[in-house]
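Presented below is the structure to which this report refers.
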Amino acid sequence: MTLRAIISTKLGAYGYFAIALAVAIALLFAWVFFKGGYLLTVLQLAMIYGVFCVGLNFFMGYTGQASFGQNAFAAIGGYGSAILTVQYGWEPILALVVSMAVAGVAAVVVGYPTLRLRGHYLAMATFALGLITYDVSVQWTDLTQGYMGYSGIPPLGIGPFTVEDDKLKLVCLAVILALGVWVSSRLRHSRFGRALRAISSTELGAAALGIRVSRYKLLAFIIAALYASAAGSLFAHTVGFISPEVFGLQMVVVTFTMLYVGGIGTVLGPAIGAVIASLLPEVVRSTGRFQDIAYAAVLILMLIFVPKGLSTLASIGRRRPIKAGAEG
Amino acid sequence: MALLEVRGLTKRFDGLVANSDIDLDVPEGSLFAVIGPNGAGKTTFFNMISGFLQPTSGTIAFAGVQITNLRQDRIAAMGLVRTFQLVQLFGGMSVAENVEVGCHLATKGGIGAALVRPPWFRHQEADVRAKALELLDFVGLGVQAEQEATLLPYGQQRLLEVARALAAKPRLLLLDEPAAGLNAHETEVLADIIQRVNRQNITVILIEHDVALVTRIAHRIAVLDFGRKITEGTPDEIKRHPEVIAAYLGTEEAAHA
Amino acid sequence: MPNGFELLQSLINGLGVGLVYGLIAIGFCVIYNASGIVNFAQGVFVMLGGMFAHTLLTRLGLPMLAAAVISIVLVAMVGVLVQVLVINPMWQRKAPLFAIILATLAVQLLIEQIVILTLGDQPRTYPEFTLGGPLKLGPIAIGYQLFWILGCGAVMVVALQLFFNRTRVGRALRACSQNREAAALLGIPVASMLMLSFALSAALGAAAGILITPTQYTAYSVDGPFGINGFIAAIIGGFGSAPAALVGGTLLGVVQAGAIVFFGAGYKNVVALTILLIVLLFFPNGLFGGWGKRV
Ligand SMILES: Nc1ncnc2c1ncn2[C@@H]1O[C@H](COP(=O)(O)OP(=O)(O)OP(=O)(O)O)[C@@H](O)[C@H]1O
Ligand SMILES: [Mg+2]
């Protein structure tokens, strides 16, 4: 089968869109690489937020549940990494993995009771989770150093080899994000992913076919928490500094903006949304407070006018062909 | 021993008694029908059997095992699968994908298998796809396989629900008014499908308003009215039963007259 | 271990905060009953009430009463703006529940940031309405502001009850909450009613914020905790009547105050949120019932 045939049968019109997008992103990376400087940092953060959003998409996109408190798990990752490396001198990679495990356990403990809730209840319970974490990170100064936060967090690395260079950091983060997207794609196109998507549409219908709804919701929640924790750790090791504000309400709004811009429930959407939304403030050359205002405004506008995300504008013919003929 | 044994099943909603002390035995391999006027409590009866509602009192045994108060998915996993009067298709998924979800119980593999994709998993995925297309052909929706499920005409959505339920390899299939919204020809096709399903040794319980259809294809019929089972028997017995004629067939004929 | 007087003292303090939670909770209920929407940005109105009042008092030197009235009117206008610009368009497009919740969160962030830009990010407070005090009862001290909170709270709840039961507009609003379609058929302008519910709810929140600020402080960031605590109070009260919400708020305030004695002030929100989770999980219809059926 020729490449062209593969593209047209496997991906249809969406395939061309995906390729155009891949080229655009490659060009963007090349340009940023060439220019260097501040844009490198912007793109690094985009990759990190991308990881967070790809995870959030499991719970909100595929499974159709609402969580407004994923920032809590990012905080677990960020603080876990900071404390374990700065206070106890652990290897960054090890700190990242252990923090993820802690976040996963926290997700089970929190998710098991709360995911029985629906609608406003679930929304408020998860939102409360984010606020609790924020309060704890401010108040438990022995552990978190309060508003001061942690600085001097070492960059990622393995043994004597550390990723200090900004360009190398970006490459590593991009690879990690690509891995995250790959996992998301694999899971979506499987028995597991189909069950999640069935639940998002009708829990009654899913349960009647033997899908254990509460368990799948919990699994999606845990996956989202693992991604969020990883993103928090990556932030800590990339920027070298964290404070409670990093994981506050801003993070919720910013990541939702990304999810909506890219297209909620799609495989690539969250990552693309993270890149586009990160560049947005650069385009309008705004900083600080104005940046948060811009995100909030864009999110509100999107929620009103393009509720399914920009990807709906490019989703014509994205159905995966399953006719037997396409296999041969 | 019957495949499904219901004893004293009762459901109260606040003041209203939706099901009152219902006994029912459905033998393995039979094609059973439940009829009754609107609001008689038929759907409530299905909801309790399939675990979507907790009975106020009474017991349900399936294949000799107590399933009263069991979770829906556990009941489905035992081979008791239902369709819904208000169709519950998976939106945002194609017709074929809907049936693929139906294969959930008949397949295995979770996150690990999805990531690693070992050979058995890839084969299973291919089988699922083939099975979905086969079932769609079976109910006559093969051509629409790639279409978005919720965009199908209403009648075809019901057929798709049947195909999806069959993908779960049921021992007992509960169909809640599958012919609602179908035209005369489609109803014929559906009747044929139900009978073919039944011949594959799948026990069927059918809720239906179309009495002509029911008396033609069902082996036994139970009649509900105001939450009570007023009678049960062969189609011939039911057609002659005075209370049935008064309570149900009578009004039905009056409506058609 | 704190002694009995300390505990009693903090419970009395908790009473004031609890009544304020109750007022916020009523705000939640007013919007929820009229529209089925839980406005997560409810705390913003509380924050704006305190911030506006402070600004009018200190920068323009207005007397307290004028500052309070003007602040309440301004915040009510903000409430209407939120409804007209954000909620209504989504509502008309039948946006899913969580999208609307998300939009209200975005509104909260937006307003917080605008407040930082215009009024600054420093915490601030202003004196109690009646200077002097506190009232001493043996070792127990009761600040005069508590009486203001009690009095104003009572007046507002009575006024609300009269409004809902005695006035045409109030009855129309209630009709909307019972059945919007039927209300529309009766010729009640449902859209204006929703606007009114936001105005009313914002005004209540603002009043709560103005009343509580002298006993603690206000800053751009107090909206989150106040919103959450008001929501918890509403849930305890079962999202039903105003008095139930007030009782829910008082209960929460007092329990929280007790908890502060044992765990320290920093953890008061953590305690409240834990209460929220307990109520959600074990009393899904609220302690007084009601909410479950409406959903
Ligand atoms: N969840 C519920 N809560 C309260 N009442 C209910 C509930 N479900 C059903 N009912 C009531 O129970 C009675 C029986 O309803 P059911 O849906 O079982 O009837 P049915 O025989 O399936 O009717 P139809 O032919 O219209 O589908 C009706 O009066 C209905 O209003
Ligand atoms: Mg029915």
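Note that this is a predicted model, so its numbers are computed, not measured.
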Residue selection (most heavy-atom pairs with chain A, distance under 4.5 Å) from B:K108, B:E161, B:R82: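 Among B:K108, B:E161, B:R82, the one with the most close pairs to chain A is B:K108.
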Heavy-atom pairs under 4.5 Å with chain A, option from B:R117, B:Q88, B:H104 with the top count: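 Heavy-atom pairs under 4.5 Å are most numerous for B:H104.
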Quick one: side chains of residues 193-200 of chain B, donor-acceptor pairs under 3.5 Å with protein atoms, not counting sequence neighbours, listed by atom name and distance.
unit_1, atom_1, unit_2, atom_2, d
B:R196, NH1, B:D192, OD2, 2.9
B:N198, ND2, B:G29, O, 3.2
B:N198, ND2, B:S30, O, 3.2
B:N198, ND2, B:I202, O, 3.0

Interface moiety of B:T107 toward chain A, non-hydrogen atoms closer than 4.5 Å: both
Which bit of B:V128 is near chain A, if near means a heavy-atom gap under 4.5 Å: side chain, backbone, both or neither? side chain
Of the listed residues (A:A208, A:S185, A:S200), which shares the most heavy-atom pairs with chain B below a 4.5 Å separation? A:A208
Given A:L187, A:T202, A:I199, A:V183, the one with more heavy-atom pairs under 4.5 angstrom with chain B than any other is A:T202
Indicate whether the side chain of B:T44 and that of B:N19 have a donor and an acceptor atom separated by less than 3.5 Å. no
Flag for A:Q65-A:T63: side-chain donor and acceptor within less than 3.5 Å: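 Checked: A:T63/A:Q65 side chains show no N/O donor-acceptor pair below 3.5 Å.
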For chain A, which residues of residues 72-79 of chain B have at least one non-hydrogen atom nearer than 4.5 Å to it? B:Q72, B:D73, B:A76
Are the aromatic ring centres of A:Y216 and A:F192 under 6.0 angstrom apart?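 Between A:F192 and A:Y216, which both carry aromatic rings, the centre distance is below 6.0 Å.
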Please classify the contact of A:I223 with chain B as side chain, backbone, both or neither, using a heavy-atom distance under 4.5 Å. side chain
